[in-house]
Amino acid sequence: MADRITVIGWDGTPLTEAAAAALGAATLVAGAPYQLNALPVPPGAERIILGSVETAARRIAEHRGAVVVVAEGDPGFFGVVRTLRRPEYGLELEVLPAVSSVAAAFARAGMAWEDAQVVSTHGGRLRKAANVCRAHPKVAVLTSPDAGPSELALMLRGVHRTFVVCEALGTEDEDVTVLTSDRVPDHNWRDPNVVLVIGGSTAHQPTGATAGWLAGRPVGYPPAERSWALPPEAYDDERQTTLGAQTRAVVLAHLGPAPGDLVWTVGAGTGALAVEAARFGAAVVAVEESAATCARIAVNARRYGVELETAAGRAPEVLGELPEPDAVVVERGGATVVAAVLTRRPSRLVAWTAAAAEAAEIRAVTAAAGYRVAGAFLQSAPLDLSDGVEVGVSESGYLVWAELA
């Protein structure tokens, strides 16, 4: 193993005394081409282009001498330290960080960022990163060469956001560009870059808003209303178009919405389930036939401080225009809508119906599509404890849930 391994985070500013001393003594230096060209690498030192960190780690483990690995900003934040510290390489590291590229990007934009989400597109996670941008009003995206600003903007087609694209931060070629998301694909962007994706109905805090206390959460978190299975009247649902609170609790348990997921709620009523899935951090598209109902869903989303999209139209026809889902709830529509949903191959499906025959049809089409299917008959009843115990049936029906086999 190498005599000494130092990981230097570099943000384009002059090296610290400790970093300069480590680099001057190195017999092997790994880094990006622009870093190796810009820094004073000793003439006799072996150079490794840091493409595959795994390949570099194996070479470092074999080396005898002092090793320096140069990374961007803070190498312990979405950086090389995690890979280099894997047990199979047996490497002991000294880490000398600089300002992270995310902190530098928000500094260039003049914005606070303790309430921002930070995601990476590396490792084929472009769609997950885009879904986080759908669900949150302030996101920093660490891009990769094959999943950069243009690809991210195309994934967000139809979702209005402002992009702050920060190219080559800390170098002489640094450039910061502010564009609306629809204009981003018209440009050729240079690596490396960091993208700040800003906007949405909850993006602007009141003037004088105080800072939050938990990183990655909006100002004012947790919300005043902490429950996520609220009664229908909490969503101004006079006509009872929304599933009851107890049913929604079971639906969410099987749906498992999480950050990075995109959830459809089809036949969303006034959006109670859509809002609650969004409160778990998922991106949500609520489908309702009426534009007026979609407007009410948007009002309910703003009331509870979440981002979601609405799609006005009749299912299944409108579904073809929607982005790819990870999970789907069919609140109304039956087997016909379920069959259309399954052609998009979501990993999870939950469907509700009041009729046993329709539940059997849903189960049949779901199993035929290659899903593992289960279900239950649910009945919820309110209790009136003011004068003894009185039970009144409020909702009953069949819940079918499935996972892609």
Side-chain angles (χ1 to χ4, degrees), residues 11 72-74 76-79 97-122 125-143 149 152-153 155-156 159-166 169 176-181 184 193-228 257-263 274-284 298-309:
D11 57 8
E72 293 178 44
D74 183 352
F77 185 73
F78 284 96
V99 174
S100 75
S101 56
V102 173
F106 277 107
R108 301 298 189 273
M111 299 176 69
W113 65 284
E114 76 279 351
D115 56 341
Q117 306 292 313
V118 182
V119 297
S120 171
T121 66
H122 290 254
R125 295 183 175 88
L126 174 62
R127 196 168 74 84
K128 283 187 171 293
N131 287 339
V132 173
C133 294
R134 289 176 179 274
H136 296 275
K138 186 186 290 186
V139 184
V141 184
L142 298 162
T143 64
L152 180 64
M155 290 291 294
L156 292 172
V159 180
H160 180 75
R161 293 291 188 268
T162 297
F163 274 42
V164 182
V165 182
C166 303
L169 283 170
V176 178
T177 307
V178 181
L179 288 172
T180 54
S181 51
V184 170
N193 61 68
V194 178
V195 183
L196 308 183
V197 182
I198 310 296
S201 62
T202 62
H204 303 291
Q205 297 295 335
T207 301
T210 57
W213 65 277
L214 182 61
R217 294 293 186 175
V219 173
Y221 182 88
E225 181 53 75
R226 298 193 183 204
S227 298
W228 45 264
D261 288 344
L262 178 62
V263 176
V275 168
E276 289 167 356
R279 290 179 68 183
F280 281 89
V284 178
V299 169
N300 283 322
R302 287 193 295 272
R303 174 181 299 164
Y304 293 104
V306 295
E307 297 285 332
L308 59 76
E309 301 166 53

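Partners of Phe106 by ring-ring contact (aromatic ring centres under 6.0 Å, His included), not counting sequence neighbours, listed by chain and number: Trp113. For Phe77, the ring-ring contact (aromatic ring centres under 6.0 Å, His included) test picks out no residue, with sequence neighbours left out. Taking the side chain to side chain donor-acceptor pair (under 3.5 Å) definition, one finds that Asp74 meets it with nothing, sequence neighbours left out. The side chain to side chain donor-acceptor pair (under 3.5 Å) check on Ser181 picks up nothing, with sequence neighbours excluded. Thr180 meets the side chain to side chain contact (heavy atoms under 4.5 Å, CB included) test with His160, Asp182, Arg183; sequence neighbours excluded. Among residues two or more places apart in sequence or in another chain, the salt bridge (Lys or Arg N to Asp or Glu O under 4.0 Å) test is passed with Glu276 by Arg248. Val176 is linked by a side chain to side chain contact (heavy atoms under 4.5 Å, CB included) to Arg108, Val164, Cys166, Glu174, counting only residues two or more places apart in sequence or in another chain. The side chain to side chain donor-acceptor pair (under 3.5 Å) search around Ser100 returns none, not counting sequence neighbours. In this structure, Arg125 has no side chain to side chain donor-acceptor pair (under 3.5 Å) partners at least two apart in sequence or on a different chain. Legend: residues meeting side chain to side chain contact (heavy atoms under 4.5 Å, CB included) with Ala283, ordered by chain and number and at least two apart, are Asn131, Arg134, Ala135, Leu262. Qualifying side chain to side chain contact (heavy atoms under 4.5 Å, CB included) partners for Ala274, counting only residues two or more places apart in sequence or in other chains: Thr265, Val284, Ala286, Leu308.
For the atom pair CE (Met111) and CG (Leu196), the distance works out to 7.0 Å, reported to the nearest 0.5 Å. Atom CG of residue Leu152 and atom CZ of residue Phe163 lie 4.0 Å apart, to the nearest 0.5 angstrom.
Closest of all the heavy-atom pairs between Trp228 and Arg279 is CA-NH1, 4.3 Å. In this structure, Met155 and Ala130 approach most closely via the heavy-atom pair CB-CB, 3.7 Å. Summarising the geometry of Ala104 relative to Val99, their closest heavy-atom pair is N-CG1, 4.0 Å, with the distance given to 0.1 Å. Between Leu169 and Ser101, the shortest heavy-atom distance links the atoms CD1-O, 3.5 Å.
You'll find the side chain of Asp261 reaches within 4.5 Å of the side chain of Lys128, heavy atoms only. Counting heavy atoms from C-beta outward, Val194 and Leu142 have side chains that approach closer than 4.5 Å. Counting heavy atoms from C-beta outward, Val165 and Leu179 have side chains that stay 4.5 Å or more apart.
Thr143 places a side-chain N or O within donor-acceptor distance of the main-chain N or O of Asn193, the cut-off being under 3.5 Å. Lys138 places a side-chain N or O within donor-acceptor distance of the main-chain N or O of Ala112, the cut-off being under 3.5 Å.
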